[in-house]
2 protein chains.
Amino acid sequence: MARYQVGLQTEAKIIDATRSLLAEGGLEATTLKSICERAEVRSGSFYNLFDSKEEAILRVVRESIEAVDPDPDGAGTDSVDDLVRAYIRFFSEEPQLARVYVVAALNGDSTGESASRRFLRHHLRRVERFADAMARSDTHLGRDEATVKAELLLGALDGLAFRWSLEPEFEFDKYALLAAERLK
Amino acid sequence: MARYQVGLQTEAKIIDATRSLLAEGGLEATTLKSICERAEVRSGSFYNLFDSKEEAILRVVRESIEAVDPDPDGAGTDSVDDLVRAYIRFFSEEPQLARVYVVAALNGDSTGESASRRFLRHHLRRVERFADAMARSDTHLGRDEATVKAELLLGALDGLAFRWSLEPEFEFDKYALLAAERLK
DNA sequence: CTCAAACTTGGGTGTATACTCAAATTACGT
DNA sequence: ACGTAATTTGAGTATACACCCAAGTTTGAG
C-alpha cells in the first residue's frame with residue numbers, strides 16, 4: 001500500500017493506464033509491459049504497490065461494476081425510468097469504464113476463475129432492483145412476473161450495450177429508451 | 001491440407017478439440033498444448049495440417065457464425081417467428097457452438113484484429129434479414145422503422161444469449177420468445 | 001509390391017509473459 | 001538536517017507460449 005504522496009500518484013497512474021488499456025484493447029492488450037509503459041513506471045515500482053497484475057485489473061473492473069449502478073443503498077426509491085436513465089448516463093459519460101464493464105462481463109476465465117461469477121452476482125442484484133421498481137409502479141404485478149420482466153429488460157439493455165461496444169456510433173441511448181418503453 | 005484418410009481424421013480430432021475448448025474456457029483455455037492433448041496429437045502433426053493456431057480457431061468460429069443463421073439464401077421467405085425460432089433452436093441443439101458464438105463475439109482483438117469487425121458484418125446482415133421479415137409482416141412499416149425494430153429485437157436476443165452463457169440454467173428460450181412477442 | 005508423398009514424432013527455438021530482488025534514491029515525520 | 005522507511009530502478013528468473021524441423025513411419029495410387 002502506498003504511504004507517501006509519490007506512491008499514491010504512481011498508484012493512480014497505474015490504475016489510469018490499466019483502465020485505458022482495458023477499454024482500448026481488452027485483457028489481451030493489458031500486459032504488465034504495456035501498463036508500465038503507459039504509466040511511465042518500471043515493473044519493480046508496480047510490484048511495490050500491487051501484489052499482482054490481477055490486482056490492478058480487478059480494481060478497475062470493480063470500479064466499472066460499481067459505476068454502472070450508483071447509489072446501491074437507494075434501493076426502494078428509484079423508478080424504472082431512473083434506473084434506465086442511470087444506465088444510459090453511464091455509457092455516455094463514462095465510455096471508458098463502460099467498455100471495461102462490457103469487456104469484463106465477457107471474459108469468464110481470464111480474471112481469476114470467478115470473474116463471470118462476480119458479474120452474475122452483480123447482475124442478479126440489478127435484476128432485483130429493477131424488479132422492485134417494476135412492482136412498485138404496478139401493484140397488480142406479482143413478484144415473479146416483475147423478476148421476469150426485469151430479466152427481460154436488463155438482458156435487452158446489456159445486449160444493446162454489447163452492440164454499442166462493437167460499433168461506438170451505435171445510438172445506445174435511443175435504443176435503450178425504446179427497449180425500456182416496450183419492456184417495462 | 002489433408003490428403004489421406006488419417007490426415008482427415010486428425011484434422012477432425014483437432015477441430016473437435018478446438019471447439020470444445022473454446023466452448024468450455026474461451027480463448028484463454030485454447031492453447032496449442034491443450035488442443036494437442038485433447039486431440040491426442042503431437043504439435044508437429046498439428047502444423048502439418050494447419051498453418052497456425054489461428055486457423056483452427058477461425059474455422060470453428062466461422063462454423064458457429066454460419067450455424068446461428070442457417071439457410072442464408074432463403075432470405076425473403078422467413079417470418080420473424082421463423083428467425084427467432086431458428087435462433088432458439090441453435091442454442092438448445094448446439095449449445096457448444098452457441099457458446100463459441102458468444103465467446104467469439106466478445107473477443108475483439110484476440111482472433112486477428114478483425115474478429116469483432118467480422119462479427120459486426122454478420123450482425124448487420126442478420127439485422128437486414130430481420131428487418132425484411134418485419135416489413136413483410138407489416139406493410140405500414142417503413143424500411144428505417146423496420147431496421148430500428150430489428151436492431152432492438154436482435155440486441156435483446158443477443159443480450160439474453162449472453163445472460164445464458166453466464167448461467168446455463170437460464171431459460172433462454174422462454175425469455176427469447178417473450179422478447180420477440182413484445183418487440184416484433 | 002513399390003515408392004513417393006503424406007503423416008507423425010518429440011526435442012528444440014525464440015519470444016513474451018508475470019514476477020523478483022538487491023542496491024540506489026527519495027520522501028517526510030521528528 | 002537526520003534517519004528510517006517508502007519508493008524506484010533495471011537486470012535477472014522462471015515459465016508458457018506458438019511454432020519449427022530432421023528423422024522416422026504409414027498410406028495408398030500405380
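As the structure is a prediction and not an experimental result, all values here were calculated from the model.
Taking side-chain N and O atoms only, Thr10(B) has a distance below 4.0 Å to OP1 or OP2 of dT8(C).
Under 4.0 Å is where a charged nitrogen must lie from a carboxylate oxygen, and between Glu151(A) and Arg163(B) at least one such pair does. Salt-bridge check for Glu37(B) with Lys33(B): passed, with a basic side-chain N closer than 4.0 Å to an acidic carboxylate O. The existence of a salt bridge linking Lys184(A) and Asp81(A) is confirmed by a sub-4.0 Å separation between a basic side-chain nitrogen and an acidic carboxylate oxygen. By the 4.0 Å N-to-carboxylate-O rule, Arg126(B) lies close enough to Asp69(B) to be salt-bridged with it. Electrostatic pairing of Arg129(A) and Asp132(A) does not count as a salt bridge here, judged by no charged N lying under 4.0 Å from a carboxylate O.
Taking five base pairs at each end of the helix from dC1(C)-dG30(D) to dT30(C)-dA1(D) and finding the rotation axis that steps the C1' atoms of four pairs onto the next four gives two axes whose angle is 20°, to the nearest 10°.
Atoms CZ (Phe50(A)) and C1' (dT20(C)) sit 17 Å apart, rounded to a whole Å. Between the CD1 atom of Ile57(B) and the P atom of dC17(D) there is a distance of 13 Å, rounded to whole Å. Rounded to whole angstrom, the span from the CZ atom of Arg42(A) across to the P atom of dC19(C) amounts to 18 Å. Going from atom CG of Leu32(A) over to atom P of dT13(D) covers 18 Å, rounded to whole Å. The distance between atom CG of Asn48(B) and atom P of dC7(C), rounded to the nearest whole Å, is 6 Å. Rounding to whole angstrom units, OH of residue Tyr47(A) and C1' of dC21(C) are separated by 13 Å. Rounded to whole angstrom, the span from the CG atom of Leu49(A) across to the P atom of dC21(C) amounts to 17 Å. Atom-to-atom, NZ of Lys13(B) to P of dT8(C) comes out at 8 Å; the value is rounded to the nearest Å.
The six-membered or imidazole ring of Phe119(A) lies near that of Tyr101(A), with a centre-to-centre distance under 6.0 Å. Between Phe170(B) and Tyr175(B), a ring centre-to-centre spacing shorter than 6.0 Å is recorded. Not less than 6.0 angstrom separates the ring centroid of His123(B) from the ring centroid of Phe130(B).
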Report, as a single string ordered 5' to 3', how protein heavy atoms within less than 4.0 Å touch nucleotides 24-30 of chain C: B base, S sugar-phosphate only, - not at all. ---BS--
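Among the heavy atoms of the strands lying under 4.0 Å from Gly44(A) is at least one base atom, whether or not backbone atoms are also near. Ser52(A) comes within 4.0 angstrom of the backbone, heavy atoms only, and of no base. If you check every strand for non-hydrogen atoms under 4.0 Å, Thr31(A) touches sugar and phosphate atoms only.
Distance check, rounded to the nearest 0.5 Å: OG1 of Thr147(B) to CG of Leu154(B) gives 11.5 Å.
Here the nucleotide nearest the side chain of Ala2(B), chosen from dC7(C), dT20(C), dG10(C), is dC7(C).
Where Ser43(A) and Phe46(B) meet DNA chain D, the nucleotide closest to each residue was compared, and Ser43(A) sits on the side nearer the 5' end.
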